[in-house]
Amino acid sequence: MDVLVTGGAGFIGGHLAERFVRDGHDVVVLDNFDPYYDVRLKEHNVEAGRAAAADGDGSYRLVEGDVRDAELVAELVTSTDVVSHHAAQAGVRADIDPRKYHEVNVDGTLNVLDAARGTDLRRVVLASSSSVYGTAQYLPYDEAHPTKPVSPYGASKLAAERYGMVYADRYNLPIVALRYFTVYGPRMRPGMAISNFVSRCANGEPPEIYGDGSKTRDFTFVEDIVSVNRTLLESDAADGETMNVGSGGTISIEELAETVRDAMAPELDLIYTTGYDIDAEHTHASVEKAGELLGYEPTRTIEEGVAEFVEWYRENQEWYEPLVRGE
Ligand SMILES: NC(=O)c1ccc[n+]([C@@H]2O[C@H](COP(=O)([O-])OP(=O)(O)OC[C@H]3O[C@@H](n4cnc5c(N)ncnc54)[C@H](O)[C@@H]3O)[C@@H](O)[C@H]2O)c1
């Protein structure tokens, strides 16, 4: 199958592109190598995709370009079977202009959706986010939970996802939106709690917690994200549906720091620092819907996933650590 992975040089898109190639698909990656984190990490992701192509039956082609370029997007979307739309200004950050979130995440998605009209695409997957929920009225979130984002990022992901569902309905397109809950694993983006804690512990530095560590998160191992996306390539279930993809578990940031510390450097204390964070207090996914529609089952507890990431980190410390530590 021909698969277009937008944002395929990024963390999640990189894993998807690599796996799709290993599964024998012909993958085209569209990515603009946005420098909001070290682009050398993205180059490693591309290398992984190319290595998969060198090993197996699938192929890998990189197109350096922008999802805001409607003409380029149309050209790529109309010459593929599946679109896996993962390009985005990701991350809830206060220092990024809301307009950038809007232009990349909303306008970029509209370019994909407009190009999809009138095609016979087999599937369009839109990467959405738990950030669409905002403040929790109850937990775990099911998909019927009210959506009231508390960040421009969350607002942009919600708008993009809603456009997707409108296009699915109006133009009868096979679109699915997946609300990912904080994703982690090998080659993860810098500046996230798990990569920060692991890199500090690896260097004998106490893990540093922003705030009091009482925020709770549902952390999802990247392999589980890959698995649900592979299912969507094979199945035509769930058209026009939006669903959570999380681990179904939850842990406070303080407990997470303890878990990493206990696994890597039990002698270290935790330290607390003031940090500005504009994201939700708590996230926790109900994954029942993805389970019913797609047979989705998370495979790692946070302890198992952290242990796996720590092992990968140690094996890849030489190249990964300077990138994740901004050195
Ligand atoms: N990582 C998470 O915890 C998480 C959680 C929820 C949702 N998501 C969503 O999953 C998707 C992938 O996230 P990620 O963590 O891999 O982030 P990432 O930043 O590693 O990947 C996004 C990729 O998109 C590319 N990109 C950015 N702007 C672009 C543009 N204008 N044109 C083309 N490419 C562009 C970037 O260069 C990057 O390689 C995003 O849609 C994100 O919103 C991620």
Side-chain angles (χ1 to χ4, degrees), residues 4-18 28-46 48-49 62-70 72-73 76 83-93 96 99-112 125-133 141 149 151-161 164 177-195 217-222 224-226 228-229 242-247 279-280 283 285 305 323-324:
L4 171 65
V5 183
T6 73
F11 164 47
I12 296 172
H15 279 276
L16 293 177
E18 179 186 358
V28 172
V29 160
L30 171 66
D31 203 295
N32 74 341
F33 289 77
D34 187 292
Y36 88 100
Y37 67 81
D38 198 321
V39 295
R40 287 175 297 169
L41 195 41
K42 302 183 190 197
E43 284 155 10
H44 276 272
N45 295 332
V46 169
L62 171 68
V63 176
E64 267 194 74
D66 202 305
V67 287
R68 290 166 290 187
D69 177 345
L72 174 63
V73 169
L76 297 174
V83 181
S84 175
H85 180 44
H86 284 74
Q89 175 57 58
V92 179
R93 284 184 20 184
I96 291 177
R99 276 185 196 281
K100 187 175 179 205
Y101 285 116
H102 185 90
E103 287 164 12
V104 177
N105 300 356
V106 185
D107 294 339
T109 301
L110 273 173
N111 286 341
V112 170
V125 176
L126 301 181
S128 188
S129 166
S130 58
S131 295
V132 302
Y133 292 114
Y141 297 120
S151 64
Y153 168 73
S156 71
K157 295 305 283 186
L158 180 60
E161 174 199 295
L178 302 177
R179 292 177 176 165
Y180 299 151
F181 283 65
T182 322
V183 186
Y184 70 102
R187 307 198 301 260
M188 70 187 292
R189 286 193 264 129
M192 299 185 77
I194 294 183
S195 48
R217 285 284 172 276
D218 183 328
F219 288 101
T220 315
F221 199 72
V222 68
D224 287 333
I225 303 288
V226 170
V228 75
N229 278 279
T242 298
M243 71 198 87
N244 294 335
V245 184
S247 75
D279 205 1
T283 71
L323 308 189
V324 84

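Counting starts at 1 for both ligands and their atoms, in listed order. All values below come from the heavy atoms of this structure, side chains included, with hydrogens, waters and symmetry mates left out.
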Any nitrogen or oxygen of [X], main chain or side chain, under 3.5 Å from a nitrogen or oxygen of ligand 1?
{"X": "His85", "result": "no"}
{"X": "Asp31", "result": "yes"}
{"X": "Asp66", "result": "yes"}

Identify, for [atom], the protein heavy atom at the shortest distance, and state residue, atom and that distance.
{"atom": "atom 42 (C) of ligand 1", "result": "Tyr153 OH, 3.5 Å"}
{"atom": "atom 14 (P) of ligand 1", "result": "Arg189 NE, 3.7 Å"}
{"atom": "atom 19 (O) of ligand 1", "result": "Tyr36 OH, 2.7 Å"}
{"atom": "atom 32 (N) of ligand 1", "result": "Val67 N, 2.9 Å"}
{"atom": "atom 20 (O) of ligand 1", "result": "Tyr37 OH, 2.5 Å"}
{"atom": "atom 11 (C) of ligand 1", "result": "His86 O, 3.4 Å"}

Which option out of [options] puts a heavy atom nearest to [atom]?
{"atom": "atom 41 (O) of ligand 1", "options": "His15, Lys157, Arg179", "value": "Lys157"}
{"atom": "atom 22 (C) of ligand 1", "options": "Ala88, Gly8, Gly13", "value": "Ala88"}
{"atom": "atom 33 (C) of ligand 1", "options": "Asn32, Val222, Val183, Ile12", "value": "Asn32"}

Does only the side chain of [X] get under 4.0 Å from ligand 1, or the backbone, or both, or neither? Count heavy atoms.
{"X": "Ser128", "answer": "backbone"}
{"X": "Phe181", "answer": "neither"}
{"X": "Arg68", "answer": "side chain"}
{"X": "Met192", "answer": "side chain"}
{"X": "Phe33", "answer": "backbone"}
{"X": "Val104", "answer": "side chain"}

Which of the atoms of ligand 1 are close to [X], meaning less than 4.0 Å from one of its heavy atoms?
{"X": "Gly10", "result": "20 (O), 21 (O), 38 (C), 39 (O)"}
{"X": "Tyr180", "result": "5 (C), 6 (C), 7 (C), 8 (N), 10 (O)"}
{"X": "Ala127", "result": "10 (O), 11 (C), 41 (O)"}
{"X": "Gly7", "result": "23 (C), 24 (O)"}
{"X": "Thr182", "result": "3 (O)"}
{"X": "Lys42", "result": "36 (C), 37 (O), 38 (C), 39 (O)"}

**Asked** Looking only at heavy atoms, what is the nearest atom pair of Arg179 and Phe181, with distance?
**Response** O-CD1, 3.3 Å
**Tyr36 to Ile96 - nearest heavy-atom pair and separation** = CD1-CD1, 4.5 Å
**Lys/Arg N to Asp/Glu carboxylate O, Arg189 vs Asp38, below 4.0 Å** = no
**Message:** Between Arg187 and Glu18 (salt bridge meaning N to carboxylate O under 4.0 Å), is one present in this structure?
**Reply:** yes
Could you tell me whether a side-chain N or O of [X] sits under 3.5 Å from a main-chain N or O of [Y], the two making a donor and an acceptor?
{"X": "Asn229", "Y": "Ile225", "result": "yes"}
{"X": "Asn244", "Y": "Tyr141", "result": "yes"}
{"X": "Asn45", "Y": "Gly14", "result": "no"}
{"X": "Asp66", "Y": "Arg68", "result": "yes"}

Hey, does [X] sit under 4.0 Å from ligand 1 if you only count heavy atoms?
{"X": "Gly65", "result": "yes"}
{"X": "Ala9", "result": "yes"}
{"X": "Tyr184", "result": "no"}

**Distance flag, aromatic centroids of His86 and Tyr180, threshold under 6.0 Å** = yes
**Item:** Qualifying residue, where the test is side chain to side chain contact (heavy atoms under 4.5 Å, CB included) with Val112 and the options are Leu30, Val83, Leu76, Leu4
**Value:** Val83
**Prompt:** Would you say Asn105 and Tyr153 make side-chain contact, with heavy atoms under 4.5 Å?
**Reply:** yes
**Item:** Non-hydrogen side-chain atoms of Val183 and Phe11 separated by less than 4.5 Å
**Value:** yes
**Request:** Would you please say whether a donor-acceptor pair under 3.5 Å links the side chains of Thr283 and Asp218?
**Result:** no
**Message:** Under a 3.5 Å threshold, yes or no: a donor from one side chain and an acceptor from the other, between Thr6 and His85?
**Reply:** yes
**Asked** Are Lys100 and Asp34 close enough, and set up right, to give a side-chain contact (heavy atoms from CB on, under 4.5 Å), and what steps lead you there?
**Response** CA-CA 12 Å; Lys100 187 175 179 205; Asp34 187 292; 2.8 Å; yes
**Request:** Flag this pair as yes if the NZ/CZ of Lys157 is under 6.0 angstrom from the six-membered ring centre of Tyr101 and inside a 45 degree cone about the axis; otherwise no.
**Result:** no
